[in-house]
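Lettering follows sequence order; numbering is per chain, from 1. Atom set for the values below is all heavy atoms of this structure, side chains included, hydrogens, waters and symmetry mates excluded. Quick caveat, the model's predicted, so the values are computed rather than measured.
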Number of protein chains: 2
Amino acid sequence: MTVPHISRADRRRATEARILDSARELFAERGFDRTTIRAVAAVAGVDPALVMQYFRSKRELFTQAVQVSPALPADTDGDALVDQLIATLGLNLGGLPDGMLAMMRSMLTDPAAADHARTTLDRQIGSIGAALPEVEDPELRAALVITTMVGVTIGHQLLGLEALRDAPADRIATLLRPAFKALTEPPH
Amino acid sequence: MTVPHISRADRRRATEARILDSARELFAERGFDRTTIRAVAAVAGVDPALVMQYFRSKRELFTQAVQVSPALPADTDGDALVDQLIATLGLNLGGLPDGMLAMMRSMLTDPAAADHARTTLDRQIGSIGAALPEVEDPELRAALVITTMVGVTIGHQLLGLEALRDAPADRIATLLRPAFKALTEPPH
DNA sequence: CCATTCACTCAACGAATGTTGACCCAATGA
DNA sequence: TCATTGGGTCAACATTCGTTGAGTGAATGG
């Protein structure tokens, strides 16, 4: 029986994807420093040197692995915005993509990851802040909403806090909704 | 002129404290992995081997360096609790001790630090949850309050997000107060 | 004054890691 | 069929790190 025959170009793409997936997985589990080129290669079933041929350095491998488009909120405002934030958080708690988990896990210890995270979060804050035109300090409020989501996500996905681990995502979202409303509303 | 004369025991305590301070500082800045025994020794003005004599391993040095009693909320309830949480957060934003910064910075990448953080946060969550007797899911609500504080602290102290960096701590606390109230109150 | 203690340094080991260059062999295409 | 391309491996280098054991010299105390 002959092998189904895979073209050279297809093989290349396949192994490149396998390496990238392994990298994302390990970066998400252990962060940048503790993830080894050798470990990535082992999971991908490949020689460590090959990883270096495909991506030129560990740093670039990380950059490519975490390259995911963060779901920016569409520009709505008022209650719809809060609903959208809550929906996003619900999705996050359901299962964040490995790329984003890798970013979050590394952002406190790897300066490059910190820069990336800072930029991404600042952009999201600006976007949300622009959708809160009728309150004081819209950007500050937006920042508090975003950092709250970050904190809850960390506690749930990366730390596995008892009280959050087994709570259903929609229950968390429900409880958080009035808090977000309070953050985005002018004092009454 | 003679040197003021320092007893052997005093010298020992002094250098031990110097090492511990340097360690705390570096652990807080760079986290566990990126902090080197050699770097700690250099900052302390001491040979790396001496660090190993005083503390038996890098791990134990870290453990000793981050040993700080987290300010547990006294058992009050209702509005007083929220006030106390807000006050605590205000203090945190003012200047968190290096030991706690070191813990937070390392908890996403170092399993031991993660365990410590998880335990500490779970304890605080239990304590706050016990002070919320008249609502549904008190522990879940407490967890959301705590993770919110963690997220805001990370965004402010460890990431340095634009919108949070230059915001006065009491302004942040003021904005966060209604959110905490919403999280700890039964639906009306 | 002298033997002892002890804070401290020096030099090195062994392991792990990112990275590199030479090499192998099957697919490719003329 | 045969030269060539290129995916993939092997072995090694250079560096860094935690950790160790021997050694030094000044403070200690009898």
Exercise for review: Round to the nearest Å and state the distance from A:R59 atom CZ to C:dG18 atom P.
Suggested key: 11 Å
Revision key, fill the gap. Quick note, A:M52 side chain, CB onward, closest among C:dT20, D:dG18, C:dC10 is C:dT20
Exercise for review: Find out whether the Lys NZ or Arg CZ of B:R59 is both under 6.0 angstrom from the six-membered ring centre of B:F32 and within 45° of the ring's axis.
Suggested key: yes
Exercise for review: Please evaluate the base of D:dG18 for a donor-acceptor partner in the side chain of B:R38 within a cut-off of under 3.5 Å?
Suggested key: yes
Exercise for review: Check whether any side-chain N or O of B:R8 sits under 4.0 Å from OP1 or OP2 of D:dG29, and answer yes or no.
Suggested key: no
**Study point:** Options D:dT28, D:dT9, C:dG18, nucleotide nearest the side-chain atoms of B:S7
**Key:** D:dT28
Practice item. Counting heavy atoms from C-beta on, name the nucleotide in C:dG18, D:dT19, C:dC10 closest to the side chain of A:T36. Key: C:dG18
Review point. Any Lys/Arg nitrogen of A:D110 or A:R105 sitting under 4.0 Å from an Asp/Glu carboxylate oxygen of the other?
Key: no
Check your understanding: In whole angstrom, what separates A:L61's CG from C:dT19's C1'?
Key -> 14 Å
Exercise for review: Flag the pair B:D10 / B:R13 as yes when at least one side-chain heavy-atom distance between them is below 4.5 Å, and no otherwise.
Suggested key: yes
Review point. Under 4.0 Å between a side-chain N or O of B:Y54 and OP1 or OP2 of C:dC8?
Key: yes
Review point. Are any of the side-chain heavy atoms of B:L175 and A:L140 separated by less than 4.5 Å?
Key: yes
Study note, to complete from the structure: To the nearest 0.5 Å, atom CG of A:L161 lies from atom CG of A:D166 at 11.0 Å
Practice item. Measure from CZ on B:R11 to C1' on C:dT9 and round the result to the nearest Å. Key: 13 Å
Review point. Can you tell me how far C1' of D:dG21 sits from CD of B:Q53, to the nearest Å?
Key: 10 Å
Practice item. Round to a whole Å and report the spacing from CZ of B:F62 to P of D:dG18. Key: 14 Å
Check your understanding: Going by an N to O cut-off under 4.0 Å, is there a salt bridge joining B:R24 and B:D21?
Key -> yes
Point to revise | Nucleotide D:dG18, atom P - distance to CG of A:D33 in whole Å | key: 12 Å
Point to revise | Nearest-nucleotide comparison on DNA chain D, the residue closer to the 5′ end among A:G45 and B:A9 | key: A:G45
Exercise for review: Could you please name the option among C:dT19, C:dC8, D:dT9 that lies closest to any side-chain atom of B:L50?
Suggested key: C:dC8
Check your understanding: D:dG8 phosphate, OP1 or OP2: any side-chain N/O from A:T15 under 4.0 angstrom?
Key -> yes
Review point. Just how far is it from atom CD1 of B:I128 to atom CG of B:L121, taken to the nearest 0.5 Å?
Key: 10.0 Å
Review point. Please give, in whole Å, the distance from D:dA14 P to A:I37 CD1?
Key: 20 Å
Review point. In whole angstrom, what separates A:I6's CD1 from C:dT28's C1'?
Key: 16 Å
Point to revise | Nearest-0.5 Å distance that lies between atom OG in B:S106 and atom CG in A:L108 | key: 9.0 Å
Exercise for review: Give B:R12 one of three labels, base, sugar-phosphate or nothing, depending on what nucleic acid heavy atoms sit under 4.0 Å from its own.
Suggested key: sugar-phosphate
Point to revise | Closest listed nucleotide, where the reference is the side chain of A:D47 and the choices are D:dT9, C:dT9, D:dT19 | key: D:dT9
**Study point:** End axis versus end axis in the helix from C:dC1-D:dG30 to C:dA30-D:dT1, the angle rounded to 10°, five pairs used at each terminus
**Key:** 0°
